[in-house]
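To start, the structure itself, in structure tokens.
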Amino acid sequence: MSNELIAIAMLWMFVFVYSVAASIDFGTGFWSMIYMNRRQNRATNIANRYLSPSWEVTNVFVVLIVVGLMSFFPGATFTLGTVLLIPGSLILLLLAIRSAFLVYSHSMEGYERQLAIISGISGLFIPALLILVLPVTQGGFIQVINGHEELLLGKLLTSASGISYMAFAISSTFFLSSLLLSDYSRVAGEMEAYRLYRRDAILNGPLSFFTALALVTSMKSEALWLYENLLHHFWLLIASAVAFFIGYTALWWPGGKRASLPGQPRVAVLGIVVQYLLASYAYGKAHLPYIVYPHVTIESAFTHPDTFRALFVSYIVCFAILTPGFLYFWRMFMKDKRYVKQP
Amino acid sequence: MDDLQLARALFGTTMGFHIIFATLGVGLPLMILTAEVLRQWKKDKDYGIMAQRWTKGFAVLLGVAIPSGTIAGVQLSLLWPGFMEVVGKVVALPFQIEIFAFLLEALFMSIYVYAADRLSASMRILSMIFVVIGAAASAILITNVHAFQGTPAGFRMENGEVIDVDPWVGFFNPSFFVSAGHVTLSAYMTGAFTIASIAAFKLLKSNRGSKEFLFHRKALMMALTVGGLFSLGTALNGHDSAQMLHKYQPEKLAAAEGLFETQPYAPLAIGGYTDEATRSVKYAIEIPGLLSFLAGNRFDEVVAGLNDFPREYWPPLYVHILFNAMVGIGGLLLALSIIGFVWRHLLRRETFPRWLMWLFIVTGPLAMIGIECGWIFACTGRQPWVLYRTLLTADSVTQAGNIGFLFVLFVGIYILLGLATVFVLRHYFKRHPLVKDLEKVSLGS
């Protein structure tokens with residue numbers, strides 16, 4: 001494997017981890033807002049218990065992706081930094097409002113509702129804007145004016161790809177977060193919350209699946225090169241669809257003796273994560289060698305080889321050092337019954 | 001204003017806003033850790049309450065520090081793509097390692113806050129140690145990039161191309177250690193004086209001899225001690241920083257001191273402002289020979305003046321005022337903590353006089369003003385370069401336009417978040433007065 005491929009594979013991995021974690025994060029903020037008025041079922045409680053310790057960690061991955069791109073592919077930074085000034089700034093503003101008001105809502109007794117609404121709504125716009133980076137890199141939305149590159153934002157927002165990508169982002173946000181929360185409420189033994197989140201997952205599963213199909217169709221008319229490359233990975237896409245089928249139907253599998261409702265939410269979460277993993281792997285491979293079609297490739301944008309080596313080594317060392325910390329974190333907040341089940 | 005000025009204004013405002021929260025984000029964990037350790041050492045539950053209450057405040061501040069830091073990090077690529085292209089090729093390391101330092105902080109901060117009831121005392125202290133390490137390492141690594149801008153190393157530019165790259169030489173650039181030390185020590189100092197301000201204000205309002213009075217006096221003495229130690233450290237390190245400028249960025253030192261003629265026995269100008277027309281510092285107190293001595297440890301050291309450099313490469317002359325404000329505030333804070341210590345422990349007085357209390361109350365805001373002056377001095381003093389004598393700021397700015405519109409948006413959000421944070425903190429601590437925490441503890445024991 002060449003240095004360029006290793007670098008883009010690592011970057012792809014960061015993007016994948018963030019997109020799943022962030023979908024869950026933003027979606028959870030949204031559900032926490034939706035179920036705020038129904039005090040009896042504790043669905044908001046469950047959402048907040050997941051969100052409070054985890055949002056900071058999730059947020060780090062935004063920076064990880066930007067730094068990963070800037071350090072591995074400085075040549076792409078120039079183009080993307082220039083064309084994404086406006087949408088990137090909007091994302092930053094929303095991110096600031098969302099995070100700050102999330103924290104405020106936990107410290108302002110009497111105002112939790114209003115603050116959680118601001119945080120929940122702004123959180124929903126972020127995935128929709130973030131995903132727009134993908135159609136931008138597919139080509140057709142960047143114009144060279146007076147020697148510098150400019151984004152055709154109006155065209156992007158009204159194009160079939162722009163709209164289908166945003167729909168996909170929002171439905172995935174709902175789907176992934178409700179799935180994870182149904183698993184989390186099962187672990188907590190909150191059957192009423194489980195009933196709600198399972199229902200949300202059942203509603204949003206097909207929605208996310210069909211918006212994904214719409215997205216691929218939009219590619220056919222607006223980024224044919226990518227569509228044709230994607231068809232080379234036809235079997236990966238089929239495998240991804242099978243994973244969706246397994247994960248989605250797991251919501252009706254028998255849930256064990258004590259459960260009053262059917263479903264194996266843990267299997268469902270794993271199945272759906274595998275679905276997204278396979279699909280985004282196929283997408284990433286089809287996208288090569290372009291970072292931004294048609295001018296920026298992984299070769300043309302690559303960093304200095306010595307810098308790459310130093311970065312690669314320090315990534316390995318840093319992840320190795322932090323792994324025990326992640327495991328401890330996981331044990332403390334995802335597995336420890338004393339935390340998950342607290343009143 | 002043109003796009004360059006607007007981009008500088010936007011990024012400068014972002015940094016100016018973020019620095020407040022980032023500095024407290026480095027400084028407060030050390031105070032929380034100190035309180036946790038004192039609680040175990042002195043077996044005094046008051047220190048445990050301090051740690052709890054400061055952690056609550058810190059958590060709210062983090063809610064702004066994290067997104068504003070994310071904004072700063074991403075804005076670098078959005079506003080200065082030309083600069084980040086060089087950074088990406090040469091000194092991407094500190095940015096990348098910084099993320100892991102921050103992850104360490106975020107993980108253990110969550111553990112410390114949300115799992116506190118399930119942790120033993122020693123695990124609590126260990127978690128806080130990781131938070132302190134993560135926070136300091138983040139600050140040090142970001143300062144590393146700032147140091148690289150002042151003393152770029154580990155590459156050459158030829159016809160706009162970056163060649164001969166050695167990322168580790170770039171990382172260990174000449175001003176790294178001294179700059180990182182300055183940022184960390186001054187952040188600890190500022191965190192401590194922020195606590196001192198609040199404690200002094202509360203102390204002034206509580207009845208002498210009451211439980212709250214004793215609580216706030218303990219907090220004040222602890223903050224003054226930590227603040228005094230670190231302001232001494234900052235001052236000593238500041239001396240090294242000036243010598244570093246003398247060696248590597250002589251025009252920056254010359255602008256800081258308002259020195260035009262290159263000379264031995266150079267005087268130190270305190271106060272006043274630099275007048276370009278007469279090429280002198282007006283209304284300043286001049287101490288003959290002191291600048292030479294500070295720069296090179298000898299009175300006949302030749303210090304370069306601005307006249308030696310082409311006019312277009314001069315830093316803005318107002319940096320003299322910023323530099324003086326930073327140094328003056330540092331000196332004042334050091335003096336105040338010594339007076340406080342002497343008053344309480346050598347003269348053994350139970351209370352401080354009112355005038356002294358009011359001086360303690362302003363230490364926190366003063367320290368923050370010092371931090372802002374220092375950063376503005378450090379960054380505008382490097383102009384017109386984004387990479388000293390290598391890359392002009394004007395050549396690295398974005399071509400995208402629309403920056404004026406973004407400037408307004410971001411300034412609006414900073415004002416909103418700044419006010420909201422003050423409001424939330426006040427609201428929370430009004431609802432959770434210290435008396436309740438003290439009662440809870442005395443009922444529990």
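Just so it is clear, the structure is predicted and the values come from calculations on it, not from any experiment. What's counted below: heavy atoms across the whole structure, side chains too, no hydrogens, waters or symmetry copies.
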Are the side chains of [X] and [Y] in touch, meaning some heavy atoms are under 4.5 Å apart?
X: Val424(B); Y: Tyr111(A); value: no
X: Phe102(B); Y: Val63(A); value: no
X: Leu85(A); Y: Leu79(B); value: yes
X: Val57(A); Y: Leu103(B); value: yes
X: Leu62(B); Y: Val103(A); value: no
X: Phe108(B); Y: Tyr328(A); value: yes
X: Ser99(A); Y: Ile66(B); value: no

Under 4.5 Å from any heavy atom of chain A, what part of [X] do you find: side chain, backbone, both or neither?
X: Ile413(B); answer: side chain
X: Trp80(B); answer: neither
X: Val91(B); answer: neither
X: Ala420(B); answer: both
X: Ser77(B); answer: both
X: Leu409(B); answer: both
X: Ile403(B); answer: side chain

If you measure from [atom1] on [X] to [atom2] on [Y], what distance do you get to the nearest 0.5 Å?
X: Gln96(B); Y: Phe312(A); atom1: CD; atom2: CZ; answer: 11.0 Å
X: Ile321(A); Y: Leu104(B); atom1: CD1; atom2: CG; answer: 9.5 Å
X: Leu107(B); Y: Leu322(A); atom1: CG; atom2: CG; answer: 6.5 Å

Greater than 12 external heavy atoms within 6.0 Å of Arg331(A)'s CZ: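 Result for CZ/Arg331(A): open.
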Partner residues of Asp306(A) under the salt bridge (charged side-chain N to carboxylate O under 4.0 Å, His left out) criterion, sequence neighbours left out: Arg309(A)
Short side-chain to backbone donor-acceptor contact, Thr303(A) and Gly88(B), under 3.5 Å: yes
Among the listed options Thr82(A), Leu311(A), Leu95(A), the residue most often paired with chain B at heavy-atom distances under 4.5 Å: Leu311(A)
Selection from Leu80(A), Ile86(A), Leu115(A) maximising heavy-atom pairs under 4.5 Å formed with chain B: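 Of the options given, most contacts go to Ile86(A).
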Parallel, tilted or perpendicular: ring planes of Phe100(B) versus Tyr315(A), cut at 30 and 60 degrees: perpendicular
Side chain to side chain contact (heavy atoms under 4.5 Å, CB included) assessment of Met332(A) paired with Tyr114(B): CA-CA 9 Å; Met332(A) 277 301 191; Tyr114(B) 294 103; over 6 Å; no
Interface residues of residues 64-73 of chain A facing chain B - non-hydrogen atoms under 4.5 Å apart: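 Under the 4.5 Å heavy-atom cut-off, Leu64(A), Val66(A), Val67(A), Met70(A), Ser71(A) qualify.
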Side chain to side chain contact (heavy atoms under 4.5 Å, CB included) evaluation trace for Phe61(A) with Ile99(B): CA-CA 8 Å; Phe61(A) 277 81; Ile99(B) 296 170; over 6 Å; no
Ring centers of His304(A), Phe155(B) separated by less than 6.0 Å: no
Interface residue of largest heavy-atom contact number with chain A, from Val64(B), Leu417(B), Thr398(B), under 4.5 Å: Leu417(B)
